[in-house]
2 protein chains.
Amino acid sequence: MKKVTIKDIARIAGVSRGTVDRVINGRGSVTPEVEQRIIKIASDLGYEKNLMASALASNRVFRIAIVTPDPNSDSFWMQPREGIQNALELVKHYGIIVDYFDFNLFRKDEFEMQMENAINSKPDAILTAPTFTQESLEYLEMAEQNNIPFITINTEIHHPDVLCYVGQNSFNSGYLAGRLFYLRLKPGDEIITLNLGHTLANAQHYSDKLAGLREYIQTHHMTENPVYWYEFDQFLDEDKLLEFWQDIKARHPRMKGIFFTNSRAFRIVKFFSPEDSRRYDVVGFDMIDPNIQFLKEDMIDFIINQNPILQGYMGIMNFVNHFVLKKEVKKIQYLPLDIVIKENVDFYIDNFRNHTVAKG
Amino acid sequence: MKKVTIKDIARIAGVSRGTVDRVINGRGSVTPEVEQRIIKIASDLGYEKNLMASALASNRVFRIAIVTPDPNSDSFWMQPREGIQNALELVKHYGIIVDYFDFNLFRKDEFEMQMENAINSKPDAILTAPTFTQESLEYLEMAEQNNIPFITINTEIHHPDVLCYVGQNSFNSGYLAGRLFYLRLKPGDEIITLNLGHTLANAQHYSDKLAGLREYIQTHHMTENPVYWYEFDQFLDEDKLLEFWQDIKARHPRMKGIFFTNSRAFRIVKFFSPEDSRRYDVVGFDMIDPNIQFLKEDMIDFIINQNPILQGYMGIMNFVNHFVLKKEVKKIQYLPLDIVIKENVDFYIDNFRNHTVAKG
DNA sequence: AAATTTTGTGTGTCCGTGCACATGGCGTTT
DNA sequence: AAACGCCATGTGCACGGACACACAAAATTT
């Protein structure tokens with residue numbers, strides 16, 4: 001039951017610690033037959049490297065560059081960061097440190113700058129939310145040339161060199177939204193989808209979600225419920241936004257389901273009258289504070305949550321598994337699409353926040 | 001930026017490593033004023049013990065005794081075990097080992113025997129699912145006398161000596177079920193709650209869930225929808241079970257919502273005719289295979305999931321946080337009540353299964 | 001054949017901490 | 001005052017592995 005050490009192997013193989021070390025770590029300079037013998041003995045004895053001793057002796061540090069949107073530019077991004085911190089508490093003793101390279105979610109130039117900074121800092125890996133898909137692919141290539149792997153969260157970019165992705169499946173989240181509407185929709189009711197934002201960022205997310213919604217409706221209730229699609233990117237201008245909303249209301253007296261394609265449901269919902277709240281079924285994304293508030297006030301009916309804390313947590317853990325524990329990691333890890341309603345929201349708020357975090 | 005070590009502190013304080021060691025680990029035999037000086041320096045420098053070196057030098061192992069139902073007696077229990085394994089992969093290098101003490105879910109004597117075995121093995125902690133509430137409390141006392149703390153999952157027992165609990169809030173899961181029924185219930189429709197099982201085990205769960213359901217109905221639709229409560233413990237006898245079900249069907253022509261209070265929805269649902277599936281709204285618990293199957297076939301409408309894999313995972317992590325990292329852990333950690341439907345079930349199946357587990 | 005390089009192997013030290021033991025000063029006992 | 005014991009402190013080794021260096025034997029060059 002005692003742990004097998006390099007010394008044990010050396011003794012049995014009739015060689016010195018150094019030779020075993022060379023074999024175990026593939027440092028070469030070992031006669032092939034001796035190497036084979038040592039490999040056999042090690043595997044027979046079920047040798048496992050003592051990570052403690054290894055980390056201690058090598059004094060190695062793993063550096064991860066985190067390139068994600070600045071939480072100040074979009075509060076959603078506090079949550080992945082929280083998951084990252086939680087994970088770090090647990091594994092920092094393996095010698096893992098992170099550097100943050102924040103960028104304003106709405107500024108491509110900042111993203112590009114920080115991506116370059118990150119690559120120039122020569123980290124062991126980059127953990128990023130590649131919200132600017134096209135540009136991300138370029139930097140992915142650049143990092144690749146420097147042998148820096150990409151771990152992605154939240155936004156999926158399809159490229160063989162991405163080590164892994166943790167996040168939601170956008171198509172299915174749209175599909176799920178469709179299902180949620182049909183819990184209560186009646187024939188003739190209209191569904192309105194609202195995309196508050198610049199289509200260029202997260203374009204893929206957006207179109208996938210709509211495709212999923214469309215798919216659900218087509219396969220289940222094709223002709224009974226018309227669907228209308230709207231976009232509006234000046235959502236920070238309250239007056240214009242209100243005007244936009246009133247226009248839609250006027251234009252769609254039979255509107256019943258409202259689908260917000262991103263986290264900004266709260267920006268429109270705050271214009272709701274009490275009657276509006278009763279009339280409409282609202283589905284939105286992401287458990288950010290204003291959305292939670294409106295959910296509790298029955299103004300938003302469903303929030304589809306993609307567990308952003310877990311995204312950050314798993315991003316780090318994937319690194320640990322791959323680089324420290326040398327385990328294979330799944331390339332695509334879709335998180336559950338949590339259906340959050342007033343009656344279960346509280347449990348989502350606290351979850352995952354406490355099991356790895358120091359108190360007091 | 002370099003890590004502060006005991007040696008650094010010793011040098012600055014003008015003492016030897018040994019003295020610093022005595023202060024850091026509270027081994028006594030240090031002049032009070034020297035002690036104060038060292039404490040101050042350590043905190044000023046932000047000293048953190050190197051867990052790697054510590055674990056290596058002390059050769060300490062932490063042993064956790066796992067006392068949970070045998071997965072062979074109830075397949076639900078495979079999932080917590082999976083979470084435990086996942087967590088272990090990640091932290092076993094801190095010197096954590098576990099021993100399993102399985103008991104048949106339906107046999108109190110086995111539970112008692114294994115609990116005694118576990119305590120006699122003198123572990124550093126016991127991680128248990130105290131399904132037999134009353135007996136658990138006795139063993140809790142016994143363990144307490146041996147200074148063995150209890151970490152509980154899945155079943156909440158209220159006692160100050162429990163180190164922490166990870167699991168669901170039963171009351172709220174019943175409340176949530178109420179809400180799910182009212183997505184589609186109409187006035188006059190009846191709700192039937194079915195408890196397939198011995199009330200004595202998990203009695204607390206059962207009554208809490210019903211209380212939650214009752215609470216929802218009373219505060220929202222008090223008089224419109226009658227609720228009926230049934231129990232049946234010979235659920236393994238198919239003939240009798242069918243008879244029981246047909247009797248209920250005959251007795252409740254206006255039955256619409258069916259609430260299964262535990263994971264055994266599948267045992268009744270398999271008797272459903274196609275017409276039954278269309279007519280009834282079924283809410284049950286736990287994502288075990290037969291339930292998932294019936295969910296996909298539209299015979300179960302909602303599964304309330306309490307993420308059992310995460311329960312096991314967090315159980316271990318709580319131990320690590322408390323005993324290894326010396327962090328405070330929250331006494332009560334309610335997991336989210338996941339609403340699982342056909343359209344999002346697939347993502348729950350795979351989740352958490354892969355991010356810490358070796359492949360291939 | 002001597003000189004040089006290459007190749008394979010062994011040894012010593014260090015990583016930061018835990019712990020057993022040594023040491024030396026001081027107060028108490030006889 | 002010598003003998004003893006106690007307390008505060010210092011020292012050395014161990015934990016398992018990483019890595020630099022030493023060194024002998026073999027292979028290559030001159």
Side-chain angles (χ1 to χ4, degrees), chain A residues 1-39 41-42 45-62 92-97 124 323-326, chain B residues 1-39 41-42 45-62 92-97 124 323-326:
Chain A
M1 218 53 209
K2 210 183 138 287
K3 277 280 166 206
V4 183
T5 74
I6 270 190
K7 231 158 105 184
D8 299 326
I9 298 175
R11 187 169 28 77
I12 295 172
V15 296
S16 71
R17 293 156 27 225
T19 303
V20 178
D21 174 66
R22 265 165 230 124
V23 174
I24 301 286
N25 296 296
R27 294 190 223 282
S29 294
V30 179
T31 311
E33 50 177 332
V34 175
E35 176 165 13
Q36 287 312 311
R37 181 149 44 99
I38 292 177
I39 288 175
I41 294 172
L45 265 54
Y47 171 76
E48 283 183 60
K49 187 186 289 196
N50 183 327
L51 278 191
M52 301 282 144
S54 176
L56 184 60
S58 67
N59 243 339
R60 174 153 176 41
V61 283
F62 295 93
K92 67 179 174 191
H93 298 100
Y94 290 143
I96 291 167
I97 56 180
D124 294 285
F323 290 98
V324 184
L325 305 180
K326 310 280 191 215
Chain B
M1 215 54 206
K2 210 182 136 289
K3 279 279 165 209
V4 182
T5 73
I6 273 190
K7 233 158 101 184
D8 298 327
I9 298 175
R11 187 168 29 77
I12 295 172
V15 296
S16 72
R17 292 159 24 228
T19 303
V20 178
D21 173 65
R22 266 165 228 124
V23 174
I24 301 286
N25 296 296
R27 295 189 224 282
S29 293
V30 179
T31 311
E33 48 176 332
V34 176
E35 176 164 15
Q36 288 312 311
R37 182 151 41 103
I38 290 176
I39 289 174
I41 293 173
L45 266 54
Y47 171 76
E48 285 183 59
K49 188 186 289 196
N50 183 326
L51 281 189
M52 301 282 142
S54 178
L56 184 61
S58 67
N59 244 340
R60 173 155 176 42
V61 284
F62 296 94
K92 68 177 175 192
H93 298 101
Y94 290 144
I96 292 166
I97 56 181
D124 295 284
F323 290 96
V324 184
L325 305 180
K326 312 280 192 210

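In this text the structure is predicted, and so the values were computed from the model without any measurement. Lettering of chains follows the sequences in order, A, B, ..., and the numbering in each one begins at 1.
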I would like to know whether A/Phe323 and A/Asp124 meet side-chain contact (heavy atoms from CB on, under 4.5 Å); could you show each step before the answer? CA-CA 9 Å; A/Phe323 290 98; A/Asp124 294 285; 5.8 Å; no
Presence of donor-acceptor pair under 3.5 Å, side chain of A/Arg27 and base of C/dG8: no
When the nearest nucleotide of DNA chain D is assigned to B/Pro32 and to B/Ala57 on a heavy-atom basis, which residue is associated with the more 5' position? B/Pro32
Over all strands shown, is [X] touching base, sugar-phosphate only, or nothing at heavy-atom distances under 4.0 angstrom?
X: B/Arg60; result: nothing
X: B/Leu56; result: base
X: A/Ser29; result: base
X: A/Asp21; result: base

Quick one: [X] [atom1] to [N] [atom2], roughly how many Å, whole number?
X: A/Arg22; N: C/dT7; atom1: CZ; atom2: C1'; value: 11 Å
X: B/Met52; N: C/dG18; atom1: CE; atom2: P; value: 14 Å
X: A/Leu45; N: D/dG16; atom1: CG; atom2: P; value: 14 Å
X: A/Arg11; N: D/dG16; atom1: CZ; atom2: P; value: 12 Å
X: A/Ile6; N: C/dT9; atom1: CD1; atom2: P; value: 15 Å
X: A/His93; N: C/dG16; atom1: NE2; atom2: C1'; value: 13 Å
X: B/Lys7; N: C/dG18; atom1: NZ; atom2: P; value: 15 Å
X: A/Glu48; N: D/dG17; atom1: CD; atom2: P; value: 11 Å

Quick one: pull up [atom1] in [X] and [atom2] in [Y] and give me the separation to the nearest 0.5 Å.
X: B/Tyr47; Y: B/Ile6; atom1: OH; atom2: CD1; answer: 4.0 Å
X: B/Thr5; Y: B/Asn50; atom1: OG1; atom2: CG; answer: 9.5 Å
X: A/Asn59; Y: B/Lys3; atom1: CG; atom2: NZ; answer: 11.5 Å

Selection from [options] that lies nearest to any side-chain heavy atom of [X]:
X: A/Asn59; options: D/dG16, C/dC15, D/dC15; result: C/dC15
X: A/Val15; options: C/dT17, D/dA18, C/dG10; result: C/dG10
X: B/Asn50; options: D/dC15, D/dA18, C/dT17; result: C/dT17
X: B/Ala53; options: C/dT17, C/dT9, D/dG17; result: C/dT17

For B/His93 and A/Tyr94, take the angle between the two ring planes, folded into 0 to 90°, and tell me which bin it lands in: parallel under 30, tilted 30 to 60, perpendicular over 60. perpendicular
Is the phosphate of [N] approached by [X] (side-chain N or O, under 4.0 Å from OP1 or OP2)?
X: A/Lys49; N: D/dA18; value: yes
X: A/Thr19; N: C/dG10; value: yes
X: B/Thr31; N: D/dC7; value: no
X: A/Lys3; N: D/dC15; value: no
X: B/Asn25; N: C/dT17; value: no
X: A/Arg17; N: C/dG10; value: no
X: A/Ser54; N: D/dA18; value: yes
X: A/Ser58; N: C/dC15; value: no

Would you confirm whether A/Arg22, through its side chain, and A/Ser29, through its main-chain N or O, come within 3.5 Å as a donor-acceptor pair? no
